[in-house]
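A short worksheet on the structure shown next.
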Amino acid sequence: MLDGIRAIQARVAQLQSMSQTIAPARPVRPATTSSFTTPTATSSFAAALSQAQSATTTGTTTLRPAVKQSPGAYGAMVVPPELQQYGNGKIPESALQSIGVGEFRLSSNAAASFRQMHADAQAAGITIGVNDAYRTYEEQVDLAARKGLYSQGGLAATPGKSNHGWGLAVDLDLDSRAQAWMRENAHKYGFVEDVAREPWHWGYRPA
Ligand SMILES: [Zn+2]
């Protein structure tokens, strides 16, 4: 069990040294307000994990190591340095890739992972529709003007703060079967439902 905690702490230290972490605009763990399946594990490992997680909380940024790959458990949003250098909403075409649906694009790794997920879903008879993916800074400004800011009860992140601006989030069009499939499988591809009350929004947070 101690080895498990040390591994978590090492992973956290690694993440901290790798890159800046972005605190979500909404609560990090939406499980209490949405229909996530609550993990049933009640072992002492779960207690140790919870202890280790609370021990890594500093200031307003909570790092959550993606130790357990299950719906509702995910890693911190880490913006890779190669994206940070461009700035949110300023990612050049060369660092973006098609996700294989319409004209939508994500940053390269997220796009590749999405294409695989989309293909696997399709093979299972599931259609994953897409409403939005990468969003430029100008598009974020426009969206905030139309939909209002989260901080004021609206549906848009502050321009320059959206994970869409890093090419690391998608807004999907899912029927109930597709929503269920995503909740069961998306984490295997690094996509997690990480904004409370937005079941369509999936962030790319690979373990
Ligand atoms: Zn979104």
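One-based numbering, in listed order, for ligands and for the atoms of each.
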- Query: Tyr204 vs Phe191 aromatic rings, parallel, tilted or perpendicular, using cut-offs 30° and 60°?
  - Reply: tilted

Residue set satisfying salt bridge (Lys or Arg N to Asp or Glu O under 4.0 Å) with Asp132, at least two apart, ordered chain then number -> Arg135

Listed pairs under 3.5 Å, donor-acceptor, residues 141-148 side chains, sequence neighbours left out:
unit_1 : atom_1 : unit_2 : atom_2 : d
Asp142 : OD2    : Arg146 : NE     : 3.1
Asp142 : OD2    : Arg146 : NH2    : 3.4

Can you tell me if Gln179 and Asp175 form a side-chain donor-acceptor pair at under 3.5 Å? no

The protein N, O or S atoms lying under 2.8 Å from the Zn ion (ligand 1) are His164 NE2, Asp171 OD1, His201 ND1

Q: Measure the shortest side-chain to side-chain distance between His201 and Val170 over non-hydrogen atoms and say whether it is less than 4.5 angstrom.
A: no

With sequence neighbours left out, the residues meeting side chain to side chain donor-acceptor pair (under 3.5 Å) with Gln97 are Arg115

